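Only one structure is covered here, and it is reproduced in the block below.
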Amino acid sequence: MADSSPLYLGFDLSTQQLKGIAVTSDLKVSYEAVFDFDADASGFNIKKGVLTNEAEREVYAPVAMWLQAIDTVLQRLKDKGIEFSRVMGISGAGQQHGSVYWSQEGEHALSNLNKDKTLESQLDHAFSYPYSPNWQDASTQEQCDLFDRHLGDETQLAMNTGSKAHHRFTGPQILRFRTKHPEEYRKTSRISLVSSFLASIFLGKIAPIDISDVCGMNLWDIQAGTYNEKLLALAAGTADTNDLRSKLGNVPEDGGGSFGTVSPYFVHRFGFNSSCTIVPFTGDNPSTILALPLRPLDAMVSLGTSTTFLMSTPHYKPDPAVHFFNHPTTAGLYMFMLCYKNGGLAREQVRDSLSPQLPGTSDPWSLFNNHATGTLPMGATSPNSPLRIALYFPRPEIVPNVRAGTYRYIYDPEYKNLSSNTKTWNLPTDDCRAIVESQLLSLRLRSRNIVAPPSPNPDNLPAQPRRIFLVGGGSQNPAIAKLAGEILGGVEGVYRLDVGGNACALGSAYKAVWAVERKSGETFEELIGERWREEEFVKKVADGYQKERYKVYEKGVEALEKVEREVLYKQAVDVGKAGTSGAGQV
Ligand code: XUL
């Protein structure tokens, strides 16, 4: 007998591909399909999924390419045998911050699609501008300066919207778009984020922006739960914010609510069930924390080309170095995020400076790992000796805002003295430990205000994450896992989360399951927690909190803070901006 049990679809519209994944009610992956922009798209001159205008530091993607991707991914799922009539809910995720500009005809075109034609062939007039500014875009320095000043300073902006101004954030992008393309802006009926653009296609009308993804705009007052009037006025260029407000639309609070049912186009073209629910689509980072029933104070450390640290927390404590978003499913919780530019690439450079590899091993990391864990913390030669501490930024970093370079120091914790005399460093071997330590110390420094001691706390443990989940390429490395436990702690240990390359699309599919099948008041964590088979996806890879080591690394946090101040100060002096009073600000 044909299987008629429900399926749920999750999509991930990322920088380089669109992925679709179908799961059953008990969270088993049953179908997946991918459209890789560079390999599969035709008619767009893109590279790594985007177009660039280096002169203005612009990075953007053609919206029509995403339509082509949706057409094809659905066809590929169908070719694999999926019965779309079983799909009871669809959700998805988009790269954060990107914006899509709909024309006056956009909504009408969306709701009047001809089932015999592709999306790409019939939505060409649905946009007032054919491109979507991408999160890698860096063209908005001028606009960011205005945003940072507009509520007083960057700290005020971070308090209000969860982040200081960033080039990629949608508010500064809209401000630039309006001034650079006034005619296109005037002709824009609605503005979507990448996530709500994708939801709109499936819904057949313009979908609201998601409660978590809206926090990536520098426009949303997180505590008030509304757009900030002053920031809207700045982006709109007028005190009358009604026009921009209606371009952006309302933002429903429930991340598991229903936007309505799937557009008839998909019913008639692909055989979707006409009662299939469209669930809010969110940003890729919020969706990634939904790939497991992450509890408050569990942390995810994504160790890819760059490093991202994600945590669900009940505490709202923003500052200019971090990001806060509303949690995508649970009102009253927040998602805390650190987003670095440097990570895996920097570690690889240090690894490649070592030669030759250990005889008899094919693991390119074995020598690096031996050096990284073969000495006392921070290269000390005895428990009280000076410490080796350094920053490794092959690319300009944003956390903190420092130029590309390698910055090595010696720190004497007794006299709290920093010295740039690094004659005692053994190079390149000392770099192995120092690079992993500095990356993890930066996470500890910047998350220390939002972690809390376990509760109850009979052993009087210090504030730290509960469990640490490592994901991405670097999560395979045992030396990194060991140091992560020593430096970040983790009351219950350090784990590797292995869901293949699918965490983000999977998180969206789980969100659809929860939204459609939840009982009244049942949280995402409760429903998914009950159905998730942890043993399939999670493996303990290192101890977490170790009292002595955790304490020693307090000195490391102190040292890293000083190093960052020193490097920033020197940078400010170099560009002639330093004050006369001493250290610069981190
Ligand atoms: C987060 C960010 C990226 C994008 C693309 O602030 O800019 O992680 O979401 O993945």
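Please read these numbers as outputs of a predicted model, since none were measured by experiment.
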(request) Kindly write out the residues that satisfy side-chain hydrogen bond (donor to acceptor under 3.5 Å, both in side chains) with Asn45, not counting sequence neighbours, or none if the list is empty. (result) none
(message) Using the side-chain hydrogen bond (donor to acceptor under 3.5 Å, both in side chains) criterion, which residues pair with Lys19? Sequence neighbours excluded.
(response) Asn502
(message) Could you go through Phe281 and Ser508, starting from their C-alpha distance and side-chain angles, then the distance that decides it, and tell me whether this counts as side chain to side chain contact (heavy atoms under 4.5 Å, CB included)?
(response) CA-CA 7 Å; Phe281 286 38; Ser508 287; over 6 Å; no
(request) Decide yes or no for Ile389 and Leu441: does some side-chain heavy atom of the first lie under 4.5 Å from some side-chain heavy atom of the second? (result) yes
(message) Counting C-beta onward and ignoring hydrogens, is there a side-chain heavy-atom pair between Pro328 and Phe524 closer than 4.5 Å?
(response) no
Counting distance only, does the side-chain N/O of [X] pair as donor-acceptor with the main-chain N or O of [Y] below 3.5 Å?
{"X": "Glu492", "Y": "Arg467", "value": "no"}
{"X": "Ser195", "Y": "Gly283", "value": "no"}
{"X": "Arg433", "Y": "Leu376", "value": "yes"}
{"X": "Gln546", "Y": "Gly544", "value": "yes"}
{"X": "Trp66", "Y": "Val194", "value": "no"}
{"X": "Asp298", "Y": "Arg295", "value": "yes"}
{"X": "Thr307", "Y": "Tyr340", "value": "no"}
{"X": "Asp430", "Y": "Asn426", "value": "yes"}
{"X": "Glu58", "Y": "Thr52", "value": "no"}
{"X": "Asp543", "Y": "Tyr545", "value": "no"}

(request) Answer with yes or no after comparing the ring centroid distance for Phe336 and His327 against a 6.0 Å cut-off, counting only values under it. (result) no
(message) Quick check on the 6.0 Å ring-centre criterion: do His166 and His97 meet it?
(response) no
(message) Using side chain to side chain contact (heavy atoms under 4.5 Å, CB included), reason through Leu297 and Met311 one step at a time and then give a plain yes or no.
(response) CA-CA 6 Å; Leu297 296 180; Met311 196 159 141; 3.5 Å; yes
So, for [X] and [Y], which heavy atoms are closest and what is the spacing to 0.1 Å?
{"X": "His315", "Y": "Ile450", "value": "CD2-O, 4.0 Å"}
{"X": "Leu333", "Y": "Ser312", "value": "CD1-OG, 3.7 Å"}
{"X": "Glu437", "Y": "Met378", "value": "OE2-N, 2.9 Å"}
{"X": "Ala404", "Y": "Pro394", "value": "CB-O, 3.6 Å"}
{"X": "Ala481", "Y": "Ala542", "value": "O-CB, 3.5 Å"}
{"X": "Leu440", "Y": "Ile480", "value": "CD1-O, 4.2 Å"}

Set of residues satisfying side chain to side chain contact (heavy atoms under 4.5 Å, CB included) with respect to [X], sequence neighbours excluded:
{"X": "Lys48", "answer": "Gln16, Asp38"}
{"X": "Lys80", "answer": "Tyr31"}
{"X": "Lys416", "answer": "Tyr411, Glu558, Lys562"}
{"X": "Pro465", "answer": "Ala299, Val451, Ile468"}

To the nearest 0.5 Å, what is the distance between [atom1] on [X] and [atom2] on [Y]?
{"X": "Arg351", "Y": "Asn477", "atom1": "CZ", "atom2": "CG", "answer": "10.0 Å"}
{"X": "Ile528", "Y": "Thr523", "atom1": "CD1", "atom2": "OG1", "answer": "9.5 Å"}
{"X": "Gln68", "Y": "Leu18", "atom1": "CD", "atom2": "CG", "answer": "11.5 Å"}
{"X": "Asn285", "Y": "Met300", "atom1": "CG", "atom2": "CE", "answer": "9.5 Å"}
{"X": "Lys341", "Y": "Thr305", "atom1": "NZ", "atom2": "OG1", "answer": "13.5 Å"}
{"X": "Cys432", "Y": "Leu367", "atom1": "SG", "atom2": "CG", "answer": "7.0 Å"}

Take atom [atom1] in [X]; do more than 12 heavy atoms of anything else shown fall under 6.0 Å from it?
{"X": "Lys540", "atom1": "NZ", "result": "yes"}
{"X": "Lys317", "atom1": "NZ", "result": "yes"}
{"X": "Glu535", "atom1": "CD", "result": "yes"}

(message) The test is ring pair (Phe, Tyr, Trp, His ring centres under 6.0 Å); show your working for His323 and Phe169 and say whether it passes.
(response) CA-CA 11 Å; His323 303 285; Phe169 273 50; 5.6 Å; yes
(request) Could you please spell out the steps behind the side chain to side chain contact (heavy atoms under 4.5 Å, CB included) verdict for Thr72 and Asp40? (result) CA-CA 9 Å; Thr72 316; Asp40 299 338; over 6 Å; no
With sequence neighbours left out, what residues match [X] under ring-ring contact (aromatic ring centres under 6.0 Å, His included)?
{"X": "Tyr316", "result": "Phe324, Tyr334"}
{"X": "Trp135", "result": "none"}
{"X": "Phe11", "result": "Phe202"}

(request) Measure from NZ or CZ of Arg347 to the centre of the six-membered ring of Tyr392 and say whether it is under 6.0 Å with the direction within 45° of the ring axis. (result) no
(message) So that I can tick it off, tell me whether Arg403 and Asp574 are bridged by a salt bridge, with the cut-off set at under 4.0 angstrom between side-chain N and carboxylate O.
(response) yes
Do we see a donor-acceptor contact under 3.5 Å between the side chains of [X] and [Y]?
{"X": "Arg446", "Y": "Ser442", "value": "yes"}
{"X": "Asn342", "Y": "Glu397", "value": "yes"}
{"X": "Gln173", "Y": "Asp137", "value": "yes"}
{"X": "Thr24", "Y": "Asp26", "value": "yes"}

(message) Once ring pair (Phe, Tyr, Trp, His ring centres under 6.0 Å) is applied, what residue pairs with a partner in residues 452-475 remain, sequence neighbours excluded?
(response) Phe469-Tyr495
(message) Thr381 vs Arg388, test: side chain to side chain contact (heavy atoms under 4.5 Å, CB included). Steps then yes/no.
(response) CA-CA 10 Å; Thr381 45; Arg388 282 155 219 203; 4.2 Å; yes
(request) Tell me, please, which residues at least two apart from Glu526 pass salt bridge (charged side-chain N to carboxylate O under 4.0 Å, His left out). (result) none
(request) Could you pull out all residues at least two apart from Arg549 that satisfy salt bridge (charged side-chain N to carboxylate O under 4.0 Å, His left out)? (result) Glu486
